[in-house]
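A quick write-up on the structure given underneath.
The chains referred to below are lettered A, B, ... by the order of the sequence lines, with proteins before strands, and numbering in each begins at 1.
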There are 2 protein chains.
Amino acid sequence: MNLDLEKTLEKHNVKPTAMRLLVLQFLLTEKAAMSLTDLENHFDRSDRTTLFRTLKTFAEKEIVHKIDDGTGVTKYALCEEDCHCEIETDLHVHFHCKICNETICFPENKIPYINLPDGFIADDVSLTVTGICNKCNKSL
Amino acid sequence: MNLDLEKTLEKHNVKPTAMRLLVLQFLLTEKAAMSLTDLENHFDRSDRTTLFRTLKTFAEKEIVHKIDDGTGVTKYALCEEDCHCEIETDLHVHFHCKICNETICFPENKIPYINLPDGFIADDVSLTVTGICNKCNKSL
DNA sequence: ATAGGTAATGCAACAGAAGTGCATTATTTT
DNA sequence: AAAATAATGCACTTCTGTTGCATTACCTAT
């Protein structure tokens with residue numbers, strides 16, 4: 001189990017420290033995207049800065065992708081296998097539930113091609129749907 | 001000129017105070033979306049809170065729409081005539097230039113329909129393209 | 001016109017997230 | 001084991017967004 005986590009980090013040229021393995025494991029078990037504060041609350045013993053830089057490193061090495069769900073709080077979710085965060089191939093839709101406040105990935109829902117006016121170059125696209133998720137919908 | 005501005009506000013049930021007219025006029029002259037800080041810098045004499053609440057009121061009364069361009073700073077742009085910020089009809093693509101940091105609307109580019117899994121309800125959609133705008137592209 | 005009520009404004013202060021600098025600890029290399 | 005490099009933890013700062021409260025402007029009814 002731990003060996004798999006270590007391999008994952010090493011594959012992305014990230015040294016497998018204890019903290020990084022814990023964060024990676026946590027992200028694996030959580031289906032929803034996690035904010036820095038979420039991590040901070042889960043890892044009582046660790047410093048916010050360390051978690052902040054861990055997420056930053058993970059994002060740079062394409063282990064996680066940053067998600068802006070419109071709440072003003074950046075969230076992070078594990079990338080899919082062989083994801084390189086490429087526009088047109090890797091970027092997918094995110095859903096933010098305004099009731100439970102969870103943000104989840106729809107990896108099957110790739111973002112459609114956006115036709116821009118002449119002279120505009122696209123590097124990145126973000127598509128976030130806000131509403132009510134299936135779990136909260138049932139509880140209504 | 002001022003009469004038009006007043007009419008606009010009154011049409012949306014917003015009392016046309018001096019500050020509100022100035023903010024509306026400023027938003028009309030600026031093509032790019034404006035942040036609270038942008039307004040604050042432009043109106044040296046006015047308080048941040050007043051501008052904040054002016055924008056809040058404008059957004060509630062559908063005079064402007066809030067834009068989350070991924071920078072972490074909320075920006076505001078005038079709605080189009082007869083916009084009711086309805087999903088499927090009014091929501092359009094936004095573009096954020098990572099060089100000049102400007103965020104602009106593409107009102108002709110409506111956001112395509114997103115097919116969600118069963119049980120999910122969509123209230124709002126945000127689609128932001130990040131890259132290089134036509135002006136900055138020329139200067140390269 | 002004026003008194004009373006409502007709405008808008010301005011000041012102060014706070015909260016939360018993001019980020020930086022620096023000292024300390026751990027890890028790797030020689 | 002010593003030196004170099006990387007990771008961590010603490011303190012502090014900045015920026016944005018927000019609220020409470022007192023004051024000012026505005027509108028309405030008598």
Verify the ring-centre separation between A:His94 and A:His96: is it less than 6.0 angstrom? no
Using the ring-ring contact (aromatic ring centres under 6.0 Å, His included) rule, collect all pairs that involve residues 108-129 of chain A, keeping only residues at least two apart or in two chains. A:Phe120-B:Phe95, A:Phe120-B:Phe106
NZ/B:Lys110: more than 12 non-hydrogen atoms of other groups inside 6.0 Å: yes
Atom CG of A:Leu21 to atom P of C:dT27: distance rounded to whole Å? 12 Å
Check ion pair A:Glu102-A:Lys135 (N to O, under 4.0 angstrom): yes
In this structure, CG of B:Asp124 is separated from NZ of B:Lys66 (nearest 0.5 Å) by 10.5 Å
Rounded off to whole Å, could you give me the CD-to-P distance for the A:Glu10 and C:dT27 pair? 14 Å
Starting at atom CG of A:Asn13, determine the distance to atom P of C:dT28, rounded to an integer number of angstrom. 15 Å
Starting at the 5' end of nucleotides 5-18 of chain C, put B wherever the base has a protein heavy atom under 4.0 Å, S where only the sugar-phosphate does, and a dash everywhere else. --SSBBBB----SS
Without decimals, in angstroms, what is the distance between A:Leu9 CG and C:dT27 C1'? 16 Å
Less than 4.0 Å between a side-chain N and a carboxylate O, is that true for B:Lys11 and B:Glu81? yes
Between P on D:dT16 and CG on B:Leu51, what's the gap in Å once rounded to a whole number? 14 Å
